[in-house]
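All remarks here apply to the structure that follows.
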Amino acid sequence: MAQNTALLETHSVSAPPSTATTLPTIKIGTRRSALAQIQARAVEKQLKDAFPDRTYAVHAVLAQGDLDKVTPLQQLSQGENAKSLWTGELEAMLELGELDMIVHCLKDMPTQLPPNLTLGCICPREDPRDVLCVSPKLASTCKDLASLPEGSVIGTSSVRRAAQLRRLYPGLKFADLRGNVPTRLAKLDAEDSQYAGIILAAAGLIRLGIQARITQFLSKDSGGMLHAVGQGTLAIEVRSNDTTVKELLAKVGSERNARASLAQRALLRTLEGGCSVPIGVETEWKKPKKGVATGVEPAREYGLDGKAVEEEEDDDEVGDDEELLLRAIVVSVDGKEFVETEMVRKVASVAEAEAFGQDIAKILVAKGADKILEKISKDKQWDAKKRLEAEASK
C-alpha cells in the first residue's frame, strides 16, 4: 500500500509513559475532509476517556470519492465503483494492519462488507434529518421549502433527496452540487449563485458547529422528506478477528442506535439499493405515554418547524416497553411513482432488528418497490452505455 503513504496525516494523543510504552498505538483511519476528521477525533476522545493508558493516532486518507468533485454523484457511484467509493482505500489499509479501525459515516458504508472485516460498533446517533439551507438573499422571506419562489433551484447531488422533493414540490428545479459542507455553503452564498437553497445533512452542520445555517429541518412531518439509511450515525469498521479492538469499542457503542441502524441497513440490503438510489427512512423508539390522568406534559424543545422535538433517551440501552417505528419510502427518480410503509415492532436484539428491516423491505416490494428500482437500474445502465459511446467517438 505504498501508494497511500503520502496520503496519511497523523495526530497522536499521548498516554502516561509508564503505561503507554507497553501497549501499541491504536491507529484510527478516516477520510481527509474536515468533517471526517472531526468525527474521528470525537471517537478518539471517547476511547481516550475510557482507556487513558492507550495512545491513539488519527490517519486521514484521501478516498476515491473525494478525488472527483465534479462528476455528479449518481454517475460516480455506478457499478462496482459504488461499493468502495468512500471506503476502498481505508479498507485495504485495515486489512493490511496499517489501521486498527476506520471511522465511517454509516450512510457511506456498503451494506455488504469484505468477509474479513466487520462493524466493531455503532455510535450514538446525531440528528439524522436532512435540512434546507437557503441563500442569504432569501433568508428574510423564505423559511421553508414551501415558501421558495416557483422555479427556485435546489442544489443537491443526492438522487434520494431530489426524487422526494420532485414528488412534493414540482415547481422546484434541481442542480448537482458537489464538495464538502463549507464548499457547498460557499457556492450557495456566492453573489452569482444559481441556488435558492441547498439540502444537507443536519449532523454535518451540527458537528462542524455551523447549525445556525439551518433554515428548516426536514422529516415526514416537516417538508415530507425521509433521510438516508444510516444518516447521522458513525460506525467503526474493524478486522473480524481483532478481539482487542472490539473490546475497546464496546465502551463507545450504542445498542439502542445499533438496532435502529441495522434495521435500516437490512431494509436497504434486501432492496439491493445504495447511496445513489432514492430510498428514504426514519426510525424512532416509542414507549407508552405516561401521565394520562394528569394531562399531557408539554415538550421541552421545539424545532424550527414549530413541532415538538421528541427527546432521545440518555441510556443507550433499550427499555423493555419500547418499540421501534420504522418508516420507509422508495421513489422514482422523477418523483412520479412511489411506495411507502411504516411499522412498529419490539426489537430485542440485532437479529430481530435485521429481520424487521427485511420484513419492511418485503412489504415495499409487494407494493411495487422492485419495479421502481429495476427501472432506475436499467436507466443507469443505459446512461452509462451512452456516455461510453460518446467518449469512444471523440
Side-chain angles (χ1 to χ4, degrees), residues 43 46-47 50 101-128 203 226-274 279-290 310-328 341-366 369:
V43 172
Q46 287 179 288
L47 287 167
M101 64 180 73
I102 308 168
V103 179
H104 294 290
C105 286
L106 185 60
K107 73 180 181 66
D108 295 331
M109 293 189 70
T111 54
Q112 299 285 0
L113 301 180
N116 56 336
L117 302 180
T118 189
L119 284 176
C121 80
I122 290 178
C123 300
R125 185 174 74 170
E126 184 52 86
D127 192 320
L226 305 191
H227 59 74
V229 166
Q231 190 158 302
T233 290
L234 300 181
I236 317 299
E237 189 175 11
V238 301
R239 290 180 291 276
S240 301
N241 62 356
D242 196 335
T243 55
T244 298
V245 170
K246 287 181 180 179
E247 288 172 3
L248 295 178
L249 292 174
K251 294 290 187 179
V252 302
S254 165
E255 180 66 19
R256 182 184 193 80
N257 192 30
R259 294 184 198 176
S261 298
L262 292 175
Q264 296 176 19
R265 282 173 64 81
L267 180 154
L268 185 65
R269 184 168 56 248
T270 304
L271 292 175
E272 298 183 344
I279 299 172
V281 297
E282 280 184 352
T283 51
E284 303 173 49
W285 285 102
K286 298 286 189 179
K287 62 193 314 181
K289 298 293 183 183
K290 299 179 181 179
E310 290 194 18
E311 295 180 64
E312 290 281 347
E313 296 288 328
D314 291 334
D315 191 350
D316 281 328
E317 298 299 319
V318 179
D320 292 338
D321 59 343
E322 287 187 283
E323 296 179 316
L324 182 64
L325 181 151
L326 173 56
R327 63 175 59 97
T341 192
E342 67 177 63
M343 185 187 297
V344 178
R345 181 185 294 182
K346 280 197 172 183
V347 175
S349 66
V350 164
E352 289 186 11
E354 293 188 333
F356 187 25
Q358 292 166 4
D359 289 346
I360 291 285
K362 291 173 184 176
I363 293 172
L364 290 169
V365 168

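Hydrogens, waters and symmetry mates are skipped; everything else that's a heavy atom, side chains included, is used.
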### Message
Applying side chain to side chain contact (heavy atoms under 4.5 Å, CB included) to K251 and Q46, what does each step give before you reach the verdict?
### Response
CA-CA 8 Å; K251 294 290 187 179; Q46 287 179 288; over 6 Å; no
Mind checking the [atom1]-[atom2] spacing from [X] to [Y]? Nearest 0.5 Å is all I need.
X    : Y    : atom1 : atom2 : answer
L119 : R265 : CG    : CZ    : 5.5 Å
E342 : I363 : CD    : CD1   : 11.0 Å
I122 : L262 : CD1   : CG    : 4.0 Å
L249 : I236 : CG    : CD1   : 6.0 Å
Q264 : L226 : CD    : CG    : 10.5 Å
Q358 : L268 : CD    : CG    : 12.5 Å

Can you name the nearest heavy-atom pair linking [X] to [Y], along with the distance?
X    : Y    : answer
P124 : N257 : C-ND2, 3.8 Å
L324 : F356 : O-CE2, 3.4 Å
T283 : A260 : OG1-CB, 3.9 Å
G357 : L326 : CA-CD2, 4.2 Å
L364 : A328 : CD1-CB, 3.9 Å
L271 : V365 : CD2-CG2, 3.6 Å

#### Entry: Test item: E237 and P114 side chains (from C-beta on) under 4.5 Å apart, heavy atoms
yes
### Task
State, with a plain yes or no, whether a side-chain heavy atom of L267 is found less than 4.5 Å away from one of I279.
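Yes, close enough: below the 4.5 Å cut-off.
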### Task
Show your reasoning for whether side chain to side chain contact (heavy atoms under 4.5 Å, CB included) applies to I360 and V281.
CA-CA 11 Å; I360 291 285; V281 297; over 6 Å; no
### Residues forming a side chain to side chain contact (heavy atoms under 4.5 Å, CB included) with K346, sequence neighbours excluded
E323
### Task
Given side chain to side chain contact (heavy atoms under 4.5 Å, CB included), test N241 with N116 step by step and report yes or no.
CA-CA 8 Å; N241 62 356; N116 56 336; over 6 Å; no
### Message
Checking the side chain of K246 only, and the main-chain atoms of S240 only, is there a donor and an acceptor separated by less than 3.5 Å?
### Response
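Yes, K246 side chain to S240 backbone: donor-acceptor pair under 3.5 Å.
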### Message
Looking at D321 and K287, would you say the former's side chain and the latter's main chain have a donor-acceptor pair under 3.5 Å?
### Response
no
### Message
If you apply the rule side chain to side chain contact (heavy atoms under 4.5 Å, CB included), what do you find for R259 with W285, and how did you get there?
### Response
CA-CA 10 Å; R259 294 184 198 176; W285 285 102; 4.0 Å; yes
### Query
If you measure from the Lys or Arg side-chain nitrogens to the Asp or Glu carboxylate oxygens, is any gap between E284 and R327 under 4.0 Å?
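Yes, E284 and R327 are salt-bridged.
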